[in-house]
Number of protein chains: 2
Amino acid sequence: MDGSASSPTGQSPWMPFESRRRARDEKREAVLRTAVALFLEQGYHGTTLNHVAERLNITKPALYNYFRGKDEILYECWAIGAERVDESIDEIDATGGTGIEKLRKLIVSYAEAMTTDYGKSLVRFDIRDLTEHNRRIVRLAKKKIDQAFRDYIGQGIEDGSIRACNVKLSAFAIAGSLNWIGHWHQPNGALEAEAIAREFAIRLTEGLAIPSARKSMPKSTTKKAGKPPVRKRKSTGGSR
Amino acid sequence: MDGSASSPTGQSPWMPFESRRRARDEKREAVLRTAVALFLEQGYHGTTLNHVAERLNITKPALYNYFRGKDEILYECWAIGAERVDESIDEIDATGGTGIEKLRKLIVSYAEAMTTDYGKSLVRFDIRDLTEHNRRIVRLAKKKIDQAFRDYIGQGIEDGSIRACNVKLSAFAIAGSLNWIGHWHQPNGALEAEAIAREFAIRLTEGLAIPSARKSMPKSTTKKAGKPPVRKRKSTGGSR
DNA sequence: TCCGTATATTACCTGCGGGTAACAAAAAGT
DNA sequence: ACTTTTTGTTACCCGCAGGTAATATACGGA
């Protein structure tokens with residue numbers, strides 16, 4: 001319990017009472033980082049804006065310089081997570097490969113996302129706390145992700161890398177396992193993010209895969225997803 | 001949109017303004033049924049006690065004849081769901097069978113539970129909305145369920161019905177798929193509860209099972225879980 | 001040095017919703 | 001029929017948290 005003590009509170013760009021000059025975007029992001037962490041810790045409704053502000057060494061009304069309201073903060077947290085997954089999907093779509101290869105790549109990406117704060121917000125936040133407008137965006141994005149799972153499975157069935165199955169239910173089963181990670185994973189836990197992702201990519205597909213008669217599984221599937229130049233987020237498009 | 005109309009509002013024992021005489025327990029249950037439905041529809045924080053009362057043709061303070069507060073209602077909803085799963089586990093433990101057989105039974109029971117309102121409350125309600133005391137109970141019960149999954153998998157590995165694997169992660173993967181049902185399932189959807197359960201029992205274990213060399217899968221696994229005499233709930237043990 | 005803009009602060013408003021007090025009307029007992 | 005208990009109702013309280021208004025301070029440029 002410090003509050004007014006001089007401890008450098010983690011990653012806040014607001015130094016207790018002095019040099020404040022950092023760029024606006026950095027502060028925005030700092031707010032989101034703090035907010036998402038608190039929302040996950042204490043729940044959206046258990047977190048007050050005062051609480052968020054306090055952790056940043058500022059006061060509540062200051063937050064309104066960067067966001068229009070609490071629900072917008074929630075939405076933006078969610079959007080960051082969604083965008084990352086979206087990028088993964090785009091990458092996978094861009095590169096070729098059989099259905100099951102793509103599926104495995106998506107599983108790895110998604111699992112890793114679920115071990116990050118923003119990723120967790122995808123599955124732990126309640127869509128009903130958003131504006132109707134943002135709610136629609138969220139639903140759309142979720143549908144797209146779900147569709148990716150189904151597409152890859154369907155494609156795998158066509159190209160012979162996945163055996164016939166109920167595509168919809170299989171997608172649900174896989175997505176469910178992955179989403180659940182966002183509920184049980186804790187940063188300091190025994191399981192490393194990458195290890196989880198690797199294990200799940202195997203476990204969740206071993207029932208679906210058709211042994212390719214040649215080699216059991218291409219090792220290249222697990223290759224580190226080389227991040228491209230860290231594309232900038234498109235500035236708050238349609239939030240409210 | 002009716003409010004004062006004469007439509008028999010679902011299952012409320014309180015007729016709009018007349019004959020009220022039913023037994024106390026029935027009313028308690030009616031409150032819980034309504035509450036759990038509303039909590040799932042609109043979220044716990046999006047549901048007010050007035051809203052609950054309104055659906056039952058009564059007023060808010062009347063609810064306090066049956067419950068000490070909103071969080072107790074939440075807890076009791078949760079408890080009903082938990083108790084059902086608990087009973088399933090006890091039944092499975094009582095009957096014999098190999099590890100994988102038990103695991104499949106648990107998957108079927110749990111999946112079916114996830115298609116009911118009370119079952120959904122197990123995974124859709126936020127534990128942080130409870131009293132510290134009830135929170136402890138919930139955590140304990142969840143641990144027991146998780147342990148059942150792990151036990152059956154471990155047992156299966158020992159008796160040779162399941163191949164070696166990471167028990168903890170496998171249990172998480174399976175539980176995750178099942179829990180997810182509680183998020184996407186809707187009563188009027190295309191998927192029938194039993195069909196979902198059957199499909200998941202196969203899909204989630206086909207990667208783990210060791211083909212028994214003889215027959216691919218015992219058909220008896222899917223047998224209808226004959227419900228015993230509908231045991232009475234032990235009256236509100238330690239709620240607050 | 002002075003002004004304008006950005007960004008923070010203090011003080012306040014307000015509505016919502018959980019919870020309670022006081023009272024009324026049935027049910028049940030005798 | 002009278003009283004007691006149970007189970008409703010109406011009317012109210014009040015605390016919290018989101019949001020706003022008015023104001024002060026820092027910064028950047030002429």
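Numbers restart at 1 for each chain; the letters A, B, ... are given by sequence-line order, proteins then strands.
Note: CG (A:Asn65) to C1' (D:dT23) measures 14 Å, nearest angstrom. In this structure, A:Leu56 atom CG and C:dT9 atom P are separated by 11 Å, rounded to whole Å. At whole-Å resolution of the value, CG in A:Asn57 and C1' in C:dT7 are 15 Å apart. Following rounding to the nearest Å, B:Leu63 (CG) and C:dT20 (C1') show an atom-to-atom distance of 14 Å. In this structure, the CZ atom of B:Arg28 is 15 Å from the C1' atom of D:dT7, given to the nearest Å. In this entry the distance linking CG of B:Asp25 with P of D:dT6 reads 15 Å, nearest Å. The distance between atom CG of B:Asp129 and atom C1' of C:dG18, rounded to the nearest whole Å, is 13 Å. For the pair B:Tyr64 OH and C:dA22 C1', the interatomic distance rounds to 17 Å; values are reported in whole Å.
Between A:Arg24 and C:dA6 there is no side-chain N or O to OP1 or OP2 distance below 4.0 Å. For the pair B:Lys27 and D:dG8, the criterion of a side-chain N or O lying under 4.0 Å from OP1 or OP2 is met. The phosphate of C:dA8 has neither OP1 nor OP2 within less than 4.0 Å of any side-chain N or O from A:Thr59.
For the pair B:Arg33 and B:Tyr118, the cation does not sit on the ring face, since its NZ or CZ is not both under 6.0 Å from the ring centre and inside 45° of the axis.
Across all their heavy atoms, B:Phe149 and B:Leu103 have their closest contact at CD2-CD1, 3.9 Å. Closest non-hydrogen pair, B:Thr47 versus B:Lys70, comes out as O-NZ, 2.9 Å. Minimum interatomic distance between A:Ala141 and A:Trp78 (heavy atoms only, all atoms of both residues): CB-CH2, 3.5 Å. Nearest heavy-atom pair, B:Ser121 versus B:Cys77, reported as atom, atom and distance to 0.1 Å: OG-O, 3.6 Å. A pairwise comparison of heavy atoms in B:Ala173 and A:Arg203 identifies CB-CG, 4.4 Å as the closest pair.
The shortest side-chain heavy-atom distance between B:Ile137 and B:Leu130 does not fall under the 4.5 Å cut-off.
Side-chain N/O atoms of B:Lys60 and base N/O atoms of C:dG17 include no donor-acceptor pair closer than 3.5 Å.
At a threshold of 4.0 angstrom between heavy atoms, the contacts of B:Phe67 with the nucleic acid are absent.
Near-neighbour residues of DNA chain D inside residues 40-50 of chain A, defined by a heavy atom below 4.0 Å, number-ordered: A:Thr47, A:Thr48, A:Leu49.
Picking from C:dT20, C:dG19, C:dA11 the nucleotide with the shortest atom distance to the side chain of B:Pro61 gives C:dT20.
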